[in-house]
Amino acid sequence: GQPPGKPELIKCRSPEKETFSCWWKPVSDGGLPTNYTLFYNNEGEESFYECPDYTTAGPNSCYFDKKHTSLWTIYNITIKATNEMGSNISEPHYVDVTYIVQPNPPVNLSLALNKHTDGKLYLLMNWSSPPLADVRSGWLTLEYELRLKPEEGEEWETIFVGQRTKYKVFSLIPGEKYIAQVRCKSDHGEWSKWSSESYIHLPKEFRLKD
Amino acid sequence: PICPNGSISCQVSLGDLFDRAVKLSHYIHSLSSEMFNEFDERYAQGRGFITKAINSCHTSSLTTPEDKEQAQQIHHEDLLNLVMGVLNSWNDPLLHLVSEVQTIKEAPDTILWKAVEIEEQNKRLLEGMEKIVGRLHPGGLGNELYSRWSGLPSLQLPDEDSRLFAFYNLLHCLRRDSHKIDNYLKLLKCRLIHDSNC
């Protein structure tokens with residue numbers, strides 16, 4: 001057998017600027033059982049600590065709960081792979097949680113036909129921020145983007161709507177079946193994945209314009 | 001119109017003052033982030049600067065909240081005071097950054113322009129914050145916080161690597177502190193204007 005190859009940290013992500021997780025790529029282990037240990041220390045600290053939770057974020061991961069998560073400080077993270085023939089350590093990975101925020105997708109996207117005061121019909125899209133994202137206190141500021149297309153259509157129409165969580169759509173084709181999704185990002189972070197799809201079938205006599 | 005016609009002692013509302021401050025702080029951080037990334041890409045690749053930029057911001061003596069719990073527990077007066085302290089502590093370095101950036105070899109205009117823009121907007125934000133503080137605490141906030149910057153000589157070092165690291169570190173700290181200010185102001189706005197129900 002061989003000592004393990006050099007492990008590699010793939011990604012770290014914080015979904016709500018309060019906790020974060022990191023994932024690493026398993027190494028070529030030559031068939032020998034390999035054990036992984038994550039070590040980290042914070043900016044200005046000498047001592048290193050071990051990952052507080054290897055399970056919550058799934059295989060080959062480390063989860064840092066609120067108590068172990070600080071912003072505006074650099075985490076120096078390394079992974080050690082060990083088997084009976086020896087061990088190998090990854091390159092250090094420097095992470096500041098401030099810059100790895102990628103929220104979960106928004107939830108509860110609903111589509112409903114409404115009538116405007118002037119009698120015109122429009123599609124009202126409504127959604128909620130992802131659970132666990134504390135938008136209410138202002139700790140996390142989320143911005144949203146919608147996309148909409150006829151079910152058979154190719155092209156999505158994408159609309160950035162800022163911090164709103166509802167939006168009125170007027171320019172639709174009567175009789176069509178539409179698919180809609182929404183995603184979000186924190187004010188200075190990465191876009192989430194798109195939400196699950198929502199559908200609506202517009203009645204044929206759905207008159208939008210005079 | 002901000003002030004209805006004919007009104008004499010018309011004041012911008014506290015909510016509008018906070019809206020403007022948050023727009024500015026958001027803008028300043030976006031610029032700072034872009035400037036840092038641009039500099040990092042062009043001058044810092046493979047030099048391992050990040051390992052040396054540890055714990056070296058001139059404002060690290062100002063003890064600021066590092067997570068949501070700490071930020072929510074701190075009294076708004078103290079958080080305002082911290083924001084003012086950090087903003088004030090950046091006046092001097094930003095002024096010098098504008099002049100010294102021009103001495104970097106082949107410094108792109110986009111970095112120069114951002115340095116000038118950030119310096120100007122930081123002053124505007126400071127003025128806006130002084131209005132907010134004046135509105136909330138007419139008597140002032142008590143002990144003014146300030147952290148002196150002594151990094152000018154390192155921006156003028158003859159050795160290229162050392163000098164580039166000094167710039168890297170300054171931009172790294174600017175990105176970090178501008179994010180702190182932006183985050184704290186958004187928190188304060190929700191707390192004071194929207195009763196923590198944004």
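Heavy-atom basis, side chains included; hydrogens, waters and symmetry copies ignored. Below, chains carry the letters A, B, ... as their sequence lines are ordered, and counting in each starts from 1.
- If you measure heavy-atom distances from B:Gln70 to chain A, you find no contacts under 4.5 Å at all.
- Residue A:Ser137 touches chain B through both its backbone and its side chain, counting heavy-atom pairs closer than 4.5 Å.
- Sulfur-to-sulfur, A:Cys22 and A:Cys62 sit at least 2.5 Å apart at their SG atoms.
- Note on B:Ala53, B:Cys198, B:Pro65, B:Cys190: by heavy-atom pairs under 4.5 Å with chain A, the leading option is B:Cys198.
- Judged by distance alone, with hydrogens and angles left aside, the side-chain atoms of B:Glu119 form no donor-acceptor pair with the main-chain N or O of B:Val116 at under 3.5 Å.
- Residue contact with chain A, scored on non-hydrogen atoms closer than 4.5 Å, is absent for B:Asp195.
- Chosen from B:Lys68, B:His194, B:Glu66, B:Lys186, the residue pairing most often with chain A at heavy-atom distances under 4.5 Å is B:Lys68.
- Side chain of A:Ser14 to backbone of A:Val101: no donor-acceptor contact under 3.5 angstrom is found.
- For A:Asn42, no part lies near chain B; criterion is any non-hydrogen pair under 4.5 Å.
- Seen from the ring of A:Tyr99, B:Arg175 counts as a face-on cation partner, given the 6.0 Å and 45° thresholds.
- The aromatic rings of B:His58 and B:Trp90 sit perpendicular, their planes meeting at an angle over 60°, well past the 30° parallel limit.
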